Participant: 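Attaching a single structure in structure tokens format; questions to follow.
Here the structure is a predicted model, which means the values were calculated and not measured.
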Amino acid sequence: MEMYSSQKAVLEVEYFGEVGTGLCPTLEFYTLLSHDLQKVRLSMWRSNFSPDKQSMEIDGDELKNGKTNNISESGLSLATSDIVQAPLGLFPRPWPPNADTSDGSQFSKVIEYFRLLGRVIAKALQDGRLLDLPLSTALYKLVLGQYLCLDFSLPGYPDYILKPGEENVDINNLDEYISLVVDATIKTGIIRQMEAFRSGFNQVFDITSLQIFSPDELDYLLCGRRELWEAETLVDHIKLDHGYTAKSPVVINILPSKGQFL
């Protein structure tokens with residue numbers, strides 16, 4: 001992309017070993033690149049999941065080529081290739097000011113990924129291509145050089161107004177904003193729900209009887225012992241048989257979803 005970014009000609013993509021060039025493979029290229037730039041392992045974006053946690057991926061090519069560094073005995077590959085989960089759109093993950101920027105460091109790679117992202121977006125706009133890249137409104141504001149600020153709404157719930165009016169958060173009212181967010185989160189915003197819960201509970205027996213238990217003990221009484229399955233644990237306990245292999249479509253389709261919800 002760096003080679004063609006300064007050229008005004010429309011970029012068209014052709015894949016080696018495949019017949020055809022022009023619009024279709026070019027659109028596919030932009031779509032695949034959009035998805036790759038959303039991978040958790042790149043550490044580019046804020047995410048609902050830790051980039052250090054592994055997910056399961058069935059990769060027949062790795063098995064065929066003998067790349068078994070991350071493959072368990074059952075033949076299932078472990079890779080951090082999840083797409084970032086960002087319901088409000090993609091926004092850069094913050095890195096500390098003293099992050100290592102030397103060649104080969106993780107943060108230096110992140111910088112190069114964002115440089116690539118800039119080239120891709122600019123070229124897509126120049127050539128009139130669409131990207132499957134859900135960037136957040138906040139990021140677009142930063143791209144346009146607009147002032148990014150907080151207002152008096154509850155983070156994640158823009159319809160929950162903490163303080164009427166058009167006032168924005170600044171250094172003079174920051175303490176008030178923090179107090180209102182905390183109050184809305186653990187008191188005002190949930191007090192009626194908790195009162196309804198206690199009312200329903202008290203219809204069976206007095207809820208104060210639970211005060212002899214700790215939160216963990218109460219969870220154990222209610223839900224039993226919870227075993228959190230890591231991806232490695234799930235993979236190691238699966239035995240493929242009856243004609244199924246790691247490359248079988250059924251295995252490829254069902255395993256990631258099981259790993260996600262267990």
Participant: Considering non-hydrogen atoms only, spot the tightest contact between Ala184 and Leu162 and give its length.
Facilitator: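 In terms of heavy atoms, the two residues are closest at CB-CD2, 3.8 Å.
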
Participant: For the OH atom on Tyr157, are there more than 12 heavy atoms of other groups (residues, nucleotides or ligands in this structure) within a distance under 6.0 Å?
Facilitator: no

Participant: Taking the side chain from Gln38 and the backbone from Ser34, do they hold a donor-acceptor pair closer than 3.5 Å?
Facilitator: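 Checking the backbone N and O of Ser34 against the side chain of Gln38, a donor-acceptor pair under 3.5 Å is found.
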
Participant: With side chain to side chain contact (heavy atoms under 4.5 Å, CB included) as the criterion, how do Phe91 and Thr137 come out once you've worked through the C-alpha distance, each side chain's angles and the decisive distance to 0.1 Å?
Facilitator: CA-CA 9 Å; Phe91 192 83; Thr137 301; over 6 Å; no

Participant: Whether the side chain of Trp95 engages the backbone of Asp100 through a donor-acceptor N/O pair (distance < 3.5 Å, no angle test) should be reported.
Facilitator: no

Participant: Hey, could you give me the CG/CG distance between Leu32 and Leu27, rounded to the nearest 0.5 Å?
Facilitator: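 That separation rounds to 11.0 Å.
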
Participant: Can you check whether Glu176 reaches Lys163 side chain to side chain, under 4.5 Å on heavy atoms?
Facilitator: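 Yes. Closest side-chain heavy atoms under 4.5 Å.
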
Participant: Would you say Thr188 and Asp183 are linked by a side-chain donor-acceptor pair, where the criterion is simply a distance under 3.5 Å?
Facilitator: yes

Participant: Kindly say whether Ile190 contributes a backbone atom to a donor-acceptor pair with the side chain of Glu195 at under 3.5 angstrom?
Facilitator: no

Participant: Let me check something: do Phe213 and Phe197 share a hydrophobic cluster, defined by ILVMFWY side-chain heavy atoms less than 4.5 Å apart, either directly or through other members?
Facilitator: yes

Participant: How about Lys39 and Asp82: do any of their side-chain heavy atoms sit closer than 4.5 Å?
Facilitator: no

Participant: Looking only at heavy atoms, which two atoms of Trp45 and Leu90 are closest? And how far apart?
Facilitator: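 Here Trp45 and Leu90 meet closest at CE3-CB, 3.7 Å.
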
Participant: Tell me whether Ser102 contacts the main-chain N or O of Ser105 through its side chain, where contact means a donor paired with an acceptor under 3.5 Å.
Facilitator: no

Participant: Say you draw a straight line from CD1 of Ile121 to CG of Leu133; how long is it, rounded to the nearest 0.5 Å?
Facilitator: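 The distance works out to 5.5 Å.
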
Participant: Are Ser43 and Val110 close enough that some pair of their side-chain heavy atoms sits under 4.5 Å apart?
Facilitator: yes

Participant: Within a strict 4.5 Å, meaning less than it, do heavy atoms of the Ile83 and Val40 side chains meet?
Facilitator: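 Counting from C-beta outward, Ile83 and Val40 never come under 4.5 Å.
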
Participant: Determine the minimum heavy-atom distance between Pro155 and Val181, stating which atoms define it.
Facilitator: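 Nearest pair, atom of Pro155 first, then Val181: CD-CG2, 4.0 Å.
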
Participant: Check the pair Val120, Leu131 against side chain to side chain contact (heavy atoms under 4.5 Å, CB included), reporting the backbone distance first and the verdict last.
Facilitator: CA-CA 9 Å; Val120 170; Leu131 300 178; 4.1 Å; yes

Participant: Could you pull out all residues at least two apart from Asn173 that satisfy side chain to side chain donor-acceptor pair (under 3.5 Å)?
Facilitator: Glu167

Participant: Going only through I, L, V, M, F, W and Y residues with side-chain contacts under 4.5 Å, is there a path from Ile191 to Phe201?
Facilitator: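 Different clusters: Ile191 never reaches Phe201 through Ile, Leu, Val, Met, Phe, Trp or Tyr contacts under 4.5 Å.
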
Participant: Do Lys123 and Gln126 have side-chain atoms, one donor and one acceptor, less than 3.5 Å apart?
Facilitator: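 A donor-acceptor contact under 3.5 Å links the two side chains.
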
Participant: Membership question, hydrophobic clusters at under 4.5 Å side-chain separation (ILVMFWY): are Leu37 and Phe114 in the same one?
Facilitator: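 Same hydrophobic cluster.
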
Participant: How about Pro92 and Met44: do any of their side-chain heavy atoms sit closer than 4.5 Å?
Facilitator: no

Participant: Looking at Tyr30 and Arg129, what are the two nearest heavy atoms and their distance?
Facilitator: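 That would be CE1-CG, 3.5 Å.
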
Participant: Does some side-chain heavy atom of Leu142 sit less than 4.5 Å from a side-chain heavy atom of Gln146?
Facilitator: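 The answer is no, as the side chains (C-beta and beyond) never meet within the 4.5 Å cut-off.
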
Participant: How close do Pro158 and Ser153 get, heavy atom to heavy atom, and via which atoms?
Facilitator: O-CB, 3.8 Å

Participant: Is there a path from Ile212 to Leu221 through hydrophobic residues (I, L, V, M, F, W, Y) whose side chains come within less than 4.5 Å of each other?
Facilitator: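 Cluster IDs for Ile212 and Leu221 match.
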
Participant: State the CG-CG distance between Asp127 and Leu130, to the nearest 0.5 angstrom.
Facilitator: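 The CG atom of Asp127 sits 12.0 Å away from the CG atom of Leu130.
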
Participant: Going by heavy atoms in the side chains, are Leu117 and Tyr113 under 4.5 Å from each other?
Facilitator: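 Result no, sub-4.5 Å side-chain heavy-atom pair not found.
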
Participant: Give, for atom CD1 of Ile161 and atom CG of Leu180, the distance between the pair rounded to the nearest 0.5 Å.
Facilitator: 11.5 Å

Participant: Return the orientation label for the Tyr177 and Phe152 ring planes: parallel under 30°, perpendicular over 60°, tilted otherwise.
Facilitator: perpendicular

Participant: Please tabulate, for the side chains in residues 202-211, all donor-acceptor contacts under 3.5 angstrom to protein atoms that are two or more places apart in sequence or on a different chain.
Facilitator:
{"residue": "Asn202", "atom": "OD1", "partner": "Ile207", "partner atom": "N", "Å": "2.9"}
{"residue": "Asn202", "atom": "ND2", "partner": "Arg198", "partner atom": "O", "Å": "3.1"}
{"residue": "Asp206", "atom": "OD1", "partner": "Thr208", "partner atom": "N", "Å": "3.1"}
{"residue": "Asp206", "atom": "OD1", "partner": "Thr208", "partner atom": "OG1", "Å": "3.0"}
{"residue": "Asp206", "atom": "OD2", "partner": "Thr208", "partner atom": "OG1", "Å": "2.9"}
{"residue": "Ser209", "atom": "OG", "partner": "Asp206", "partner atom": "O", "Å": "3.1"}

Participant: From Lys109 NZ over to Asp103 CG, what is the distance, rounded to the nearest 0.5 angstrom?
Facilitator: 11.0 Å

Participant: Tell me whether Leu125 is reachable from Phe29 by hopping between hydrophobic residues (I, L, V, M, F, W, Y) whose side-chain heavy atoms are closer than 4.5 Å.
Facilitator: yes

Participant: Do Leu174 and Val169 come within less than 4.5 Å of each other through their side chains, counting heavy atoms only?
Facilitator: yes

